[in-house]
Amino acid sequence: MDSIRIIGGKQLKGRIHISGAKNAALPLLACCLLTDETLTLGNVPHLADIITMSNLLGKLGVDISLNGTSGAGRVMELKAATLASTTAPYDLVRQMRASILVLGPLLARANEAKVSLPGGCAIGSRPVDLHIAALQKLGAVITLDNGYINAHAPNGLKGAEITFPMVTVTGTENIMMAATLAKGETTIVNAAREPEVVDLAHCLVAMGAQIEGIGSDRLRITGKDKLHAAKHSVVPDRIEAGTFAMAAAITDGELELIGAKMEHLNSVAAILAEAGIGMAETAEGLMVRRIDGLNGTDVMTEPYPGVPTDLQAQMMALMCVANGASMITETIFENRFMHVPELKRMGANITVHDSSALVRGVPLLTGAEVMATDLRASVSLALAGLAARGETTLNRIYHLDRGYERLEEKLAACGADIERVKAAA
Ligand code: UD1
């Protein structure tokens, strides 16, 4: 297995192009199932999760072609003229939980879907009960057999009022997609407001869907008989941008994040400002640099527009070398401190109490051989390695490849001493 080797202590300086958002691209790919016409997506990042979703869509009968580049990413054309299958098999779903995003569109288009239950994952049990209950409200008959969700709607889906008891990102996306082809009106109350949900809504509207309240926590969708061809460009990845902002801060460097949008990162900018890091808009994106020393700051993750859970591990890496103490509280997932033992092996001083981690800043981390169990935990260890004295080897980097496009190339171009070490064949 490949690894990444980092020699820490280099200040990062330069410009980094932010890729299209993984978490926007995945539902956008899935929404091609809603029409028999071509969906053209630009700025699609080149990531392992995108390949997994493409493989799944291919199994379902979607014709996919790459057609050049746009923005920092690729152009993908997807055409689901007819569906070859309505089953999302276990071997693909277990690789990526976001495969659940085909459930709503398949059911809406074909009146049936069979999708493997995603099961547990490294950051918690992450059930899909809210997706299932909401589809049942739209009239689907759902049974769970042999590890599969079996869903049928013989007479098609029917609009309904759905109130999510907690904010769910892919749950909102699944129901929004399903409702675009349901009969009548669907209201989603307590909808997720993440920029990736908004991006999907805009693409669905371009495909002919009628959606009101986009960007709010109350969406009203009026079902249509058919959706049609559209072109859409994937929104820039705020989590990638936030991660590189932490890289600038932790190395006392200065990075311009090309394409990054302040409107998506306000909560992150506020935390960084408290810590002494400036994040300012430029003509092309955002500039990040230290203004004062680096100070410990309390952080609590929340649904958007709050601080994203997908940046919690990276913020913790930063707070490990800040002056003073920081309390980092995770409110979205119950088991999302898997990076803590590895950061401690690099010299961090962290104590976990239930869903909070007390981080006492240390003057310096030291390089070590580390491994991580999920995507954002992995990148937090890379950030720690950039700041640490000596060499850090990051193992199991297939997690990184799921969600970061050419991470080591982007960082090396800004002065980091980082390389991918290919495993011996
Ligand atoms: C999405 C993101 C993920 C991010 C997360 C929270 C994608 C592909 N993934 O994941 O990167 O970390 O949002 O911002 O966009 N829950 C239930 N039952 C359900 C659904 C969710 O109990 O049916 C719970 C989850 O266990 C979790 C919380 O709701 O505690 C929020 O999860 P959710 O927003 O659904 O996360 P995902 O959509 O899976």
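Both counts, for ligands and for their atoms, begin at 1 and track the order of listing.
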Filtering Thr170, Leu26, Ile100, Thr301 for the heavy atom nearest atom 38 (O) of ligand 1 leaves Thr170
Exercise. Is Glu330 near ligand 1, meaning one of its heavy atoms is under 4.0 Å from it?
Worked result: no
query = Tell me, do Leu26 and Thr170 make a side-chain contact under 4.5 Å, heavy atoms counted?
reply = no
State, with a plain yes or no, whether a side-chain heavy atom of Val169 is found less than 4.5 Å away from one of Asn23.
no
Side chain to side chain donor-acceptor pair (under 3.5 Å) test vs Asp401 passes for just one of Arg420, Arg406, His46, namely Arg420
The residue among Asp49, Asp374, Thr52 that forms side chain to side chain donor-acceptor pair (under 3.5 Å) with Arg402 is Asp49
Next on the checklist: Between ligand 1 and Asn23, is the shortest N or O to N or O distance under 3.5 Å?
Outcome noted: yes
Ligand 1 to His131, heavy atom cutoff 4.0 Å, flagged ligand atoms 23 (O)
Less than 3.5 Å apart, which donor and acceptor atoms pair up between the side chains of residues 188-201 and the rest of the protein, not counting sequence neighbours?
unit_1	atom_1	unit_2	atom_2	d
Asn190	ND2	Phe164	O	2.9
Glu194	OE2	Tyr304	N	3.0
Glu196	OE1	Arg238	NE	3.3
Glu196	OE1	Arg238	NH2	2.9
Glu196	OE2	Arg238	NE	2.8
Asp199	OD1	His232	NE2	2.9
Asp199	OD2	His232	NE2	3.3
Asp199	OD2	Val235	N	3.0

**Prompt:** Is Lys22 close to ligand 1, meaning an N/O of one under 3.5 Å from an N/O of the other?
**Reply:** no
Q: Assess Glu196 for proximity to ligand 1: is some non-hydrogen atom of it under 4.0 Å away?
A: no
Exercise. Does ligand 1 have an atom that lies less than 4.0 angstrom from a heavy atom of Pro127?
Worked result: yes
Taking only non-hydrogen atoms of Val167 and a 4.0 Å limit, the atoms of ligand 1 in range are 31 (C), 34 (O)
In ligand 1, the atoms that come under 4.0 Å of a heavy atom of Thr309 are 6 (C), 12 (O), 14 (O)
Please check whether Leu130 reaches ligand 1 - meaning an N/O of the residue sits under 3.5 Å from an N/O of the ligand, judged on distance alone. yes
Under 4.0 Å between heavy atoms, the region of Met166 that gets near ligand 1 turns out to be side chain
When you compare the side chain of Ser355 with that of Thr331, does any pair of heavy atoms fall below 4.5 Å? no
Between Gln312 and the options His339, Arg376, Arg336, the side chain to side chain donor-acceptor pair (under 3.5 Å) test singles out His339
Under 4.0 Å from one or more heavy atoms of Arg336, ligand 1 contributes atoms 12 (O)
dist Thr392:OG1 -> Glu369:CD (nearest 0.5 Å) comes out at 10.0 Å
- Say whether Ala98, considering both its backbone and side-chain N or O atoms, lies within less than 3.5 Å of an N or O atom on ligand 1. no
Short N/O distance, under 3.5 Å, between Thr168 and ligand 1?
-> yes
Checklist entry - Are side-chain heavy atoms of Asn295 and Glu274 found at a separation under 4.5 Å? => result no
Thr38 versus Glu77, side-chain donor and acceptor atoms under 3.5 Å = no
Candidates Leu101, Ile239, Val169; heavy atom nearest atom 33 (P) of ligand 1 found on Val169
